[in-house]
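One structure below.
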Amino acid sequence: MMNKEIAQYINTLLAEKQREVLSKQAYLDKIDRSVEIYFTEYQQIEWELGIIYKAQKSMDYIIEEEND
């Protein structure tokens, strides 16, 4: 079983990665690029944000289990 401190640390790393991805998304929104490249990169960002969200929820669950 993963311990609470490790899960909290992973959540911190995930939050940092989420900020990086959101920053890239904001940058994409400001630049003028080909629609095809923009769409591909935007899909990758959306996928990564989804994975980060799922991983954060998993870590939250582990943290809650450790508290019980």
Side-chain angles (χ1 to χ4, degrees):
M1 180 176 270
M2 185 180 296
N3 84 30
K4 182 179 173 181
E5 289 81 22
I6 293 172
Q8 288 172 329
Y9 178 70
I10 291 171
N11 255 350
T12 301
L13 295 176
L14 290 167
E16 183 178 323
K17 182 64 176 177
Q18 183 179 36
R19 282 189 296 277
E20 289 175 15
V21 173
L22 289 171
S23 176
K24 182 177 179 182
Q25 186 178 40
Y27 172 75
L28 276 179
D29 288 340
K30 292 178 183 176
I31 62 173
D32 186 26
R33 302 186 76 179
S34 85
V35 173
E36 194 172 304
I37 292 171
Y38 177 85
F39 184 71
T40 301
E41 289 186 24
Y42 214 84
Q43 279 185 317
Q44 290 172 348
I45 287 170
E46 289 298 314
W47 175 83
E48 191 163 9
L49 288 173
I51 293 298
I52 290 169
Y53 176 79
K54 288 177 184 178
Q56 286 172 325
K57 290 299 166 194
S58 295
M59 293 303 106
D60 289 344
Y61 177 77
I62 290 168
I63 292 166
E64 286 300 315
E65 288 294 308
E66 291 280 325
N67 287 335
D68 291 340

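- Heavy atoms of other residues, nucleotides or ligands lying less than 6.0 angstrom from OH of Tyr61 number 12 at most.
- To the nearest 0.5 Å, atom CG of residue Asp60 and atom CD of residue Gln8 are 10.0 Å apart.
- Looking only at distances, no side-chain donor or acceptor of Ser23 sits under 3.5 Å from a matching main-chain atom of Arg19.
- We find the CD-NZ distance between Glu64 and Lys4 to be 8.5 Å, quoted to the nearest 0.5 Å.
- Here the CH2-CG distance, from Trp47 to Leu49, works out to 10.5 Å after rounding to the nearest 0.5 Å.
- Side-chain atoms of Gln43 and Phe39, non-hydrogen and from C-beta on, do get closer than 4.5 Å to each other.
- Considering CD1 of Ile63 and CD of Glu5, their distance stands at 9.5 Å, rounded to 0.5 Å.
- Taking each heavy atom of Ile52 and Leu14 in turn, the nearest pair found is CG2-O, 3.7 Å.
- Linking ILVMFWY side-chain heavy atoms closer than 4.5 Å, directly or via other members, places Tyr53 and Leu22 in two distinct hydrophobic clusters.
- Here Met59 contributes atom CE and Asn11 contributes atom CG; the two are 7.0 Å apart, rounded to the nearest 0.5 Å.
- With values rounded to the nearest 0.5 angstrom, Gln56 atom CD is found 13.0 Å from Lys17 atom NZ.
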